[in-house]
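To keep things clear, I will list the structure first and then write my remarks on it.
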Protein chains: 2
Amino acid sequence: MRFSKQRELIKNIVQGTNSHPTAYWIFNKAKKKISNISLGTVYRNLNKLNKDGIIDIFYDNNIARYDWNTVSHDHLKCNKCGKIIDVKMHTKELQKEVWKQYKFEADNFEITVSGICNNH
Amino acid sequence: MRFSKQRELIKNIVQGTNSHPTAYWIFNKAKKKISNISLGTVYRNLNKLNKDGIIDIFYDNNIARYDWNTVSHDHLKCNKCGKIIDVKMHTKELQKEVWKQYKFEADNFEITVSGICNNH
DNA sequence: ACTAATAATAGTAACCATTACTATTTAAAT
DNA sequence: ATTTAAATAGTAATGGTTACTATTATTAGT
């Protein structure tokens, strides 16, 4: 993969926020530095960075969100303010349990808990 | 809500399968009984049935799937055959744990475990 | 049963998030 | 410097879903 200032910027934007941004949010932020950057470039690079394990993608209902945190983790989503909080909930024990109970070889957990966060 | 044979058919289709179908799959199945049924009608009624608590919606990556099982439950998704299996994994204990650790009032859990099912 | 009121429909257009295409630009190896 | 191919901007196309509108059909009141 060759260097590009667009990709570098996009990577820095994702790595500089805890807000689990959408592609469009990243696009708007990027435009402040590179005014003619294109939305396609943002998507292409987000996918590329994800394939290389540099950033994470997850889906919040039907829209993609991007995360600098590539260590397997879970999310708490507040129904009042929309905030998404990183947490670690699933364990090796849960993985073993899934095998024991269902003979299912788990390799990825997607857990999103919605409710009300401690700001309310 | 007034009776309609379209909605009745859509409800029966969802309640008659364990395959966690998409709207488009339901649309095609419905066309065999009502050949000129429209995709908009399918979506409108799926949303209506969901709001009334008759069926469930969940998102498999970025596409909606519909489920007759309205009791809170989780999913195992096989990466080999695409099969989605209903399971019950989250517990009252987990809810309490989320409160204890994060002071987060959980009211909904979305858990999807991907991996390899026992057919492989 | 008949009629009036209005919910639901079919068909189509619009929408939004994302991907694909293409001519041009740019990084970097020679 | 020149060459080669990766990356880009800009735009068109796609896929899933929702919105719009004229028409049809259910149901409540006579």
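Hydrogens, waters and symmetry mates are skipped; everything else that's a heavy atom, side chains included, is used. All figures in this text were calculated on a predicted structure; none of them were measured in a lab. We name chains A, B, ... by the order of the sequence lines, and we start the count at 1 in each one.
- Sorted by first then second residue, the salt bridge (Lys or Arg N to Asp or Glu O under 4.0 Å) pairs that include residues 92-111 of chain B, not counting sequence neighbours, number zero.
- Residues A/D56 and A/N69 are not in side-chain contact: their nearest non-hydrogen atoms beyond the backbone lie 4.5 Å or more apart.
- The salt bridge (charged side-chain N to carboxylate O under 4.0 Å, His left out) check on A/D86 picks up nothing, with sequence neighbours excluded.
- Within residues 30-48 of chain B, the residues having any heavy atom under 4.0 Å from DNA chain D are, by residue number, B/L39, B/Y43, B/N47.
- Relative orientation of the B/H75 and B/H73 rings is perpendicular, given thresholds of 30° and 60° on the angle between their planes.
- Going from atom CG of A/N47 over to atom CD1 of A/I55 covers 8.0 Å, rounded to the nearest 0.5 Å.
- Looking at residues 6-13 of chain B, you'll see that no heavy atom sits under 4.0 Å from any atom of DNA chain D.
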Collect all protein-nucleotide pairs involving nucleotides 28-30 of chain C in which both atoms are nitrogen or oxygen and the distance is under 3.5 Å.
{"residue": "C/dA28", "atom": "OP1", "partner": "A/F3", "partner atom": "N", "Å": "3.2"}

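- Within residues 56-64 of chain B, no residue has any heavy atom under 4.0 Å from DNA chain C.
- For the pair A/L46 and A/V42, the minimum side-chain heavy-atom distance is below 4.5 Å.
- The minimum heavy-atom distance between B/A64 and B/I57, with the atom names listed, is CB-CG2, 4.2 Å.
- Protein chain B contacts DNA chain D from D/dG16 to D/dT27, reading 5' to 3' and using non-hydrogen atoms of the protein with a distance under 4.0 Å.
- The shortest distance between side-chain heavy atoms of A/V113 and A/M89 falls below 4.5 Å.
- Remark: B/K11 engages B/E8 in a salt bridge (charged side-chain N to carboxylate O under 4.0 Å, His left out) (not counting sequence neighbours).
- The CZ-P distance, from B/F27 to C/dT12, rounds to 12 Å in whole Å.
- B/N119 is linked by a side chain to side chain contact (heavy atoms under 4.5 Å, CB included) to B/K83, B/C117, counting only residues two or more places apart in sequence or in another chain.
- Between B/D60 and B/K77 there is a salt bridge, with a side-chain nitrogen of the basic residue lying less than 4.0 Å from a carboxylate oxygen of the acidic one.
- Residues B/C78 and B/I116 share a closest heavy-atom pair of SG-CA, 4.1 Å.
- Residues satisfying the salt bridge (charged side-chain N to carboxylate O under 4.0 Å, His left out) test with B/R7, not counting sequence neighbours, are none.
- To the nearest 0.5 Å, the span separating CG on B/N28 from CG on B/L39 amounts to 9.0 Å.
- If one axis is set at each end of the helix from C/dA1-D/dT30 to C/dT30-D/dA1 from five pairs, those axes are 30° apart, to 10°.
- Judged as a side-chain hydrogen bond (donor to acceptor under 3.5 Å, both in side chains), and not counting sequence neighbours, the contacts of B/N18 are B/W68.
- Between A/L94 and A/H90, the closest heavy-atom pair is CD2-CB, 3.8 Å.
- Between B/S4 and B/A23, the residue anchored nearer the 5' end of DNA chain D, judged by the nucleotide with its closest heavy atom, is B/A23.
- Atoms CD and CZ, from A/Q95 and A/F104 in turn, are 10.5 Å apart once rounded to the nearest 0.5 Å.
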